[in-house]
Amino acid sequence: MPADRSPAPRARAERLIGALRREAGRQWRGSPAIPDATGGRFDSWLQAFWGPALETLDAMCAAPGPVRWDAFSALDSGVWGALLSQEYDVYPHIRAALPAVPDAGLQATWNGTSGAALAAQSVAFYDRLRDLNARHGARPLEASRVLDFGCGWGRLTRLLARDVIPGNLFGCDPVEPILDVCRSCRVPAELVRCDFVPERLPFAQPFDLIYAFSVFTHLSERAHHACLRALYAALAPGGLLVVTVRPPAYLRQSDLLAPALSSLGDDPAARLGDPLYLFAAHEGQPLGADRVDGEVTYGETVVTPAYIRRHWTDLFELATFALLLSDPHQVVVALRRR
């Protein structure tokens with residue numbers, strides 16, 4: 001199928017997201033910049049080290065018919081991420097067959113960075129997700145139904161395309177314009193809009209693996225409990241939930257959370273072992289963000305490990321915490337459905 005390169009969905013999403021962030025007065029601090037030795041392009045790396053294998057794949061992609069996603073499974077995850085970044089001109093048939101990416105401006109607006117740097121962060125989480133599923137999941141990825149909860153434009157969803165049987169990959173997000181971007185990029189997943197504070201997810205069958213990257217970093221306490229209950233209900237027994245949360249150090253990185261940091265007194269470090277939920281609402285709320293009993297539900301959030309152990313373990317067994325050195329303001333939490 002030819003790519004839909006229409007700028008309309010991307011432009012709508014970029015206008016929407018930019019307006020919301022300006023309205024909120026948000027200062028994006030993201031993670032430390034990754035030095036980009038590639039100059040933003042991967043051509044010479046791909047040709048020099050993986051040329052023969054990629055030439056074979058390029059010829060396969062030139063043939064008519066659907067993309068054979070499993071043909072990419074033997075590639076190193078870094079090579080797979082580079083191919084999905086679209087930051088190269090060699091192997092044009094691979095480039096045309098794989099999902100498109102939105103322009104760099106929208107990537108940066110949505111994720112804080114773009115291009116090769118964003119690909120590096122995405123692959124780091126993808127590797128950790130696969131490792132966690134292998135160690136703590138009930139089923140191997142190739143036999144699993146997988147959901148990207150809060151998929152955005154599908155930057156992570158697309159990485160799972162080579163691991164999951166076609167038809168078993170899903171994504172949902174409460175912002176319809178960004179789902180339009182995801183669809184226009186041809187991300188190979190079933191994409192459905194969900195409520196911002198869902199009572200249940202819009203899928204009939206349970207999932208073996210659900211992941212939520214940088215979702216619980218932005219929810220009010222009531223909204224996050226509602227999401228946890230909905231995710232619990234959507235998981236098969238023993239299913240794995242992988243989410244990210246902010247580390248306590250993020251309190252010093254976010255201007256919005258400065259009052260929360262001050263509330264901890266003269267020695268905040270002494271309090272961070274307590275079960276604390278620290279949330280500061282954004283003045284502007286994203287499209288689809290619901291109020292719960294008049295309370296705004298979207299902002300900046302820090303959840304302490306003690307809070308997770310006390311309040312999440314009624315529904316889930318805590319499997320492990322994991323650190324992403326490429327993105328240290330996103331700490332990974334792996335949980336199994338009880």
Side-chain angles (χ1 to χ4, degrees), residues 3-5 9-14 16-18 21 28 30-31 33-34 36 38 40 42 67 69 72 75 77-88 94-95 97-130 141 146-164 169-194 209-218 242-244 286 324 326-327 329-330 332:
D4 177 4
R5 304 292 180 177
R10 295 191 293 275
R12 286 200 303 271
E14 187 165 6
L16 169 69
I17 299 159
R21 286 191 171 154
W28 184 271
S31 295
I34 298 174
D36 185 5
T38 70
F42 292 110
V67 179
W69 297 103
F72 294 91
L75 294 176
S77 61
V79 178
W80 176 230
L83 292 175
L84 286 169
S85 77
Q86 298 278 339
E87 297 288 338
Y88 56 96
I94 292 177
R95 200 167 182 272
L98 296 183
V101 296
D103 59 69
L106 189 143
Q107 292 180 50
T109 300
W110 195 260
N111 300 110
T113 188
S114 64
L118 184 58
Q121 292 180 356
S122 301
V123 168
F125 177 76
Y126 167 66
D127 281 341
R128 187 54 54 88
L129 181 68
R130 292 200 300 169
L141 267 180
V146 179
L147 172 65
D148 185 342
F149 179 72
C151 64
W153 53 269
R155 69 159 177 125
L156 295 171
T157 323
R158 65 190 64 206
L159 283 160
L160 277 295
R162 68 175 186 168
D163 301 287
V164 178
L169 185 58
F170 299 80
C172 65
D173 199 281
V175 181
E176 188 67 37
I178 204 65
L179 286 175
D180 286 341
V181 174
C182 202
R183 296 181 185 109
S184 73
C185 288
R186 300 172 289 109
V187 174
E190 182 178 329
L191 303 168
V192 182
R193 195 192 75 81
C194 62
L209 171 64
I210 300 177
Y211 62 93
F213 187 94
S214 200
V215 174
F216 288 84
T217 55
H218 294 295
V242 178
V243 307
T244 63
L324 294 173
S326 65
D327 201 354
H329 291 149
Q330 301 282 351
V332 180

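We use all heavy atoms of the structure for the numbers below, so side chains are in, but hydrogens, waters and symmetry mates are not.
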Would you name the heavy atoms of [X] and [Y] that are closest together and state the gap between them?
X: Ser85; Y: Ala119; value: CB-CB, 4.1 Å
X: Arg186; Y: Ala97; value: NH1-O, 3.6 Å
X: Val123; Y: Gly81; value: CG2-CA, 3.6 Å
X: Val215; Y: Gly150; value: CG2-CA, 4.2 Å
X: Ser114; Y: Ala104; value: CB-O, 3.7 Å
X: Gly152; Y: Trp110; value: CA-NE1, 3.6 Å

Minimum side-chain heavy-atom gap [X]-[Y] below 4.5 Å:
X: Leu179; Y: Cys151; answer: yes
X: Asp148; Y: Asp173; answer: no
X: Leu209; Y: Val164; answer: no
X: Tyr126; Y: Asp163; answer: yes
X: Trp80; Y: Leu98; answer: yes
X: Arg158; Y: Trp153; answer: yes
X: Leu75; Y: Arg162; answer: yes
X: Asp180; Y: Ser184; answer: no

Exam field: side chain [X] to backbone [Y], donor-acceptor pair closer than 3.5 Å:
X: Glu87; Y: Ala82; answer: no
X: Gln86; Y: Pro99; answer: yes
X: Arg95; Y: Tyr88; answer: yes
X: Thr244; Y: Phe213; answer: no

[X] [atom1] to [Y] [atom2] distance, which is reported to the nearest 0.5 Å:
X: Arg183; Y: Leu191; atom1: CZ; atom2: CG; result: 6.0 Å
X: Leu147; Y: Glu190; atom1: CG; atom2: CD; result: 10.0 Å
X: Leu129; Y: Leu160; atom1: CG; atom2: CG; result: 6.0 Å
X: Arg155; Y: Asn111; atom1: CZ; atom2: CG; result: 4.5 Å

Original post:
After noting the C-alpha distance and the side-chain angles of Ser214 and Gln330, does the key distance pass the side-chain hydrogen bond (donor to acceptor under 3.5 Å, both in side chains) rule?
Top reply: CA-CA 7 Å; Ser214 200; Gln330 301 282 351; 3.0 Å; yes
Subject >> Plane angle bin for Phe125 and Tyr211 - parallel if under 30°, tilted between 30 and 60°, otherwise perpendicular >> reply: tilted
**OP:** Using the side-chain contact (heavy atoms from CB on, under 4.5 Å) rule, take Val67 and Phe72 through it: C-alpha gap first, then chi angles, then the decisive distance, then the call.
**Re:** CA-CA 10 Å; Val67 179; Phe72 294 91; 4.2 Å; yes
